[in-house]
Amino acid sequence: MREVGEVAVGARRAGVVGGVRRGNVVIRRAEERDAGRLTRLVRRSRAYEGRYSSMVEGYRVGPDYILAHRVFVAVEELPGEEGGGERVVGFYSLMVAPAELDLMFVSDQAQGYGIGRRLVEHMLGEARSAGIGKVRVVSHPPAEGFYRSVGARLAGTVPADPPAVRWDRPELEFVVVD
């Protein structure tokens, strides 16, 4: 692992995303130019198919959102001619006041490789730097197990808010330690 920001993906498949050996995965601050790629990642997520589709229907991560919030993106550096390129494999958004993990997505192809865990670790580091003691998460119901596996504690339930959200959602929190 190199400097802060670089991510060593899951030990069992280090350097491999989608079953193919690729470049390094790095977490960096999102830029306005990332807006379209982040929007596509949200809208294409299989976690929001079927009964959950209304949550992301028409959803947009715009350049204005990226500028206004602490949005970080995990990108896979792709080798190639003329400096190669990068592929977005995940991102998160940390709201500072009040402290909340507003968005967190890992692409379907990159799940199971430790990227979500690394994004949470990065988010907790950002929260710590901002002097935040706890970070609230209103979880997508199928993601609750993931958040608990990386240290979040159940704090309650957020009731449904139709028409967009027709189901109760678990409310969790991360305690940020020094």
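Hydrogens, waters and symmetry mates are skipped; everything else that's a heavy atom, side chains included, is used. This one's a predicted model, so the numbers in the text were calculated from it and none came from an experiment.
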Q: Quick check: is V175 connected to M95 through a chain of hydrophobic side chains (ILVMFWY, heavy atoms under 4.5 Å apart)?
A: no
Q: Could you tell me whether a side-chain N or O of D168 sits under 3.5 Å from a main-chain N or O of A160, the two making a donor and an acceptor?
A: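 Looks like yes, one N/O pair under 3.5 Å.
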Q: In terms of ring plane angle, is the pair Y147 and F174 parallel, tilted or perpendicular, where the classes change at 30° and 60°?
A: perpendicular
Q: Please report the interatomic distance CG(L41) to CZ(R87), rounded to the nearest 0.5 Å.
A: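 Nearest 0.5 Å value for the CG-CZ distance: 10.5 Å.
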Q: Between F105 and Y59, is there a shared hydrophobic cluster once you connect ILVMFWY residues whose side-chain heavy atoms come closer than 4.5 Å?
A: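 Yes; tracing contacts between hydrophobic side chains, which count when under 4.5 Å, links both residues.
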Q: So, taking the atom named CZ in R70 and the one named CG in L101, what distance separates them when rounded to the nearest 0.5 Å?
A: 13.5 Å
Q: Within a strict 4.5 Å, meaning less than it, do heavy atoms of the D102 and Y65 side chains meet?
A: yes
Q: To the nearest 0.5 Å, what is the distance between CE on M104 and NE2 on H140?
A: 13.0 Å
Q: Taking only residues two or more places apart in sequence, or in another chain, which ones meet R148 in a salt bridge (Lys or Arg N to Asp or Glu O under 4.0 Å)?
A: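 So R148 forms a salt bridge (Lys or Arg N to Asp or Glu O under 4.0 Å) with E144.
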Q: For the hydrophobic clusters of this structure (ILVMFWY residues joined by side-chain heavy atoms under 4.5 Å, transitively), does one cluster hold both V138 and V96?
A: no
Q: Looking only at non-hydrogen atoms, find the nearest pair between I66 and A30 and report the distance.
A: CG2-O, 3.6 Å
Q: Should we say atom CZ of R29 is surrounded by more than 12 heavy atoms from elsewhere, each under 6.0 Å from it?
A: yes
Q: Looking only at heavy atoms, what is the nearest atom pair of V25 and A74, with distance?
A: CG1-CB, 4.2 Å
Q: For D34 and R28, which heavy atoms make the closest approach, and how far apart are they?
A: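 Smallest interatomic distance, heavy atoms only, reads OD2-NH1, 2.8 Å.
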Q: Can you confirm whether L38 sits close enough to V42 that some side-chain heavy atom of one is under 4.5 Å from a side-chain heavy atom of the other?
A: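 No, side chains not in contact.
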Q: Determine whether Y113 and V89 make a side-chain contact, defined as any pair of heavy atoms from C-beta on separated by less than 4.5 Å.
A: no
Q: How long is the gap from CG on L103 to OG on S93, to the nearest 0.5 Å?
A: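 The distance works out to 5.5 Å.
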Q: F72 vs Y92 aromatic rings, parallel, tilted or perpendicular, using cut-offs 30° and 60°?
A: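 Rings of F72 and Y92: parallel, under 30°.
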Q: Which pair of heavy atoms, one from P170 and one from P141, lies closest together, and at what distance?
A: CD-CA, 4.1 Å
Q: Where the side chain of R60 meets the backbone of T39, is there a donor-acceptor pair that is under 3.5 Å apart?
A: no
Q: Can you see which heavy atom on I132 is nearest to which on V176, and at what distance?
A: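 Nearest heavy atoms, I132 then V176: O-CB, 3.3 Å.
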Q: Once salt bridge (Lys or Arg N to Asp or Glu O under 4.0 Å) is applied, do any residues pair with R153, and if so which ones, sequence neighbours excluded?
A: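 Scan of R153 (salt bridge (Lys or Arg N to Asp or Glu O under 4.0 Å), adjacent residues dropped) gives E173.
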Q: Give, for atom CD of E31 and atom CZ of R37, the distance between the pair rounded to the nearest 0.5 Å.
A: 9.0 Å
Q: So does R44 have more than 12 non-hydrogen atoms from other groups sitting under 6.0 Å from CZ?
A: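 No - once you tally the heavy atoms of other residues, nucleotides and ligands closer than 6.0 Å, there are 12 at most.
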Q: Do V135 and V150 share a hydrophobic cluster (ILVMFWY, side-chain heavy atoms under 4.5 Å, transitive)?
A: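 Yes, it is one cluster - the side chains of V135 and V150 are joined through contacts under 4.5 Å.
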Q: Rounded to the nearest 0.5 Å, what's the gap from CE on M123 to CD1 on I27? Could you check?
A: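 Between atom CE of M123 and atom CD1 of I27 there are 11.0 Å.
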Q: Under 3.5 Å, side chain of E171 to main-chain N/O of R136, donor-acceptor pair present?
A: no
